[in-house]
Amino acid sequence: MYETDLIAFCDRELDLLGSIKDLDVLYAGGSSLLWIEGLSHRIGEKGRLTALDLDTRRIEETRELLGEFDLAAPVQLVAGDIFRPPFAPDTFDLAYSAGLFHELDVRDKSAGDALAALGSVIRPGGRIATSDFVNHVPAVQLEDEELQRELAREVSNAELYGIGSAERLVALYEALLVGVRWRVFTPKPIRHLGKVVLAEEEPEELSSLPARTRRRLRERFNALRERIEREGYTRPASLYAEGFVTGS
Ligand SMILES: C[S@@+](CC[C@H](N)C(=O)[O-])C[C@H]1O[C@@H](n2cnc3c(N)ncnc32)[C@H](O)[C@@H]1O
C-alpha cells in the first residue's frame, strides 16, 4: 500500500506536466528512481533526461539501481548544484523539480536566483515547472520539515527555503517567466508513511551538536513522534507551478 500510494502521488504530480514526449528534460534537485522512471517513461526513447542532485550519495545509489532497469529515455545522472548548473545555455526544453525548493539552502543565494539559474539552461520558449509542498492546510509533515530545517541550521548554518505559501513560490515564477499557471492540490495521503517515519533512527547529525541544543531538538523529535502516533503522518497540500522562458 505504501509503495502504491507513493507511485500514485508521483503519477499525479508528473501528469500535471502534460505531454513531455521527445523533450530534453532536466530533473532539477532529485535523483530518486521513482521520479526518474516516471519522467523517462513519459519522455520516451526520442527524448533525454538529465537528473541533477547536490547529494552525491543519492546519485550513486540511483546509478547502481539504474543498471537493473531498462528505461525509455536515456538517463544521465549528474552531481551538482542547481545554483550553478553544469550545462551550456539553452540546453533543455524543460526543467522540472519536485520537492526541491523547500530544501534549497538560501543562505547565500535566493530561491529566485535558483529559478534564474534553471532558466539559463532552458531554450527560449522552454518551460520551468515545479511541484512542492505548501502550508495551506495543517499537517504533521509540516512540523517534521520545520524540525529538519532547524536541525540543518544548527548543524551547518544552512538556511533552508522551507515550506511556505503557494503565493511565495508563484511570485518567483511571475517575476521571471511568462504564461505562468499554478494550482494548489489537496494532500495525497500515503498509507503507512507514519510507520516508516517512526521506524527511522534518530538523525545522526544530532550527536554532533552541543548538549543543550541536542537535548532541545531531541525533545522536539520525541514530541513529533508522539504526534505521529496520535494523528498519523498527515501530509501537506502541494503546489504545481509552471512558466515559460522568453529568451530576452
Ligand atoms: C526532498 S528531495 C526531492 C526528492 C525528489 N523528488 C527526488 O526525486 O529525489 C530534495 C532534493 O533536492 C536536492 N537539492 C537540494 N539543494 C540542491 C541544490 N542546490 N542543487 C541540487 N540539488 C539540490 C537534495 O539533495 C535532495 O535530493
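We count ligands from 1, going down the list as the structure has it; atoms in each ligand are counted the same way. Treat the numbers as computed from the prediction; the structure is a model and nothing was measured. These numbers come from the heavy atoms of this one structure, side chains and all, not from hydrogens, waters or symmetry mates.
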Engineer: Taking Arg123 first and then Asp90, would you say they form a salt bridge - that is, a charged N and a carboxylate O separated by under 4.0 Å?
Structural biologist: no
Engineer: Looking at every non-hydrogen atom in both residues, tell me the closest pair between Val25 and Phe92 and how far apart they are.
Structural biologist: C-CD2, 3.8 Å
Engineer: Inspect the contact between Glu13 and Lys188 and indicate whether a charged nitrogen and a carboxylate oxygen are less than 4.0 angstrom apart.
Structural biologist: no
Engineer: For the CZ atom on Arg181, are there more than 12 heavy atoms of other groups (residues, nucleotides or ligands in this structure) within a distance under 6.0 Å?
Structural biologist: no
Engineer: Can a salt bridge be assigned to the pair Arg215 and Glu219 using a cut-off of 4.0 Å between side-chain N and carboxylate O?
Structural biologist: no
Engineer: Do any nitrogen or oxygen atoms of ligand 1 lie under 3.5 Å from a protein nitrogen or oxygen, and which ones?
Structural biologist:
| from | atom 1 | to | atom 2 | distance (Å) |
| --- | --- | --- | --- | --- |
| ligand 1 | 6 (N) | Tyr27 | OH | 2.8 |
| ligand 1 | 6 (N) | Ala98 | O | 3.0 |
| ligand 1 | 8 (O) | Tyr27 | OH | 2.6 |
| ligand 1 | 8 (O) | Ser32 | N | 3.1 |
| ligand 1 | 8 (O) | Ser32 | OG | 3.1 |
| ligand 1 | 9 (O) | Ser31 | N | 3.0 |
| ligand 1 | 9 (O) | Ser32 | N | 3.2 |
| ligand 1 | 9 (O) | Arg58 | NH1 | 2.8 |
| ligand 1 | 9 (O) | Arg58 | NH2 | 2.9 |
| ligand 1 | 12 (O) | Gly29 | O | 3.2 |
| ligand 1 | 19 (N) | Asp81 | OD1 | 2.8 |
| ligand 1 | 20 (N) | Ile82 | N | 2.9 |
| ligand 1 | 22 (N) | Leu54 | N | 3.1 |
| ligand 1 | 25 (O) | Asp53 | OD1 | 2.6 |
| ligand 1 | 27 (O) | Asp53 | OD1 | 3.2 |
| ligand 1 | 27 (O) | Asp53 | OD2 | 2.7 |
| ligand 1 | 27 (O) | Arg58 | NH1 | 2.5 |

Engineer: Taking the six-membered ring for Trp, are Tyr96 and Tyr27 parallel (under 30°), tilted (30 to 60°) or perpendicular (over 60°)?
Structural biologist: parallel
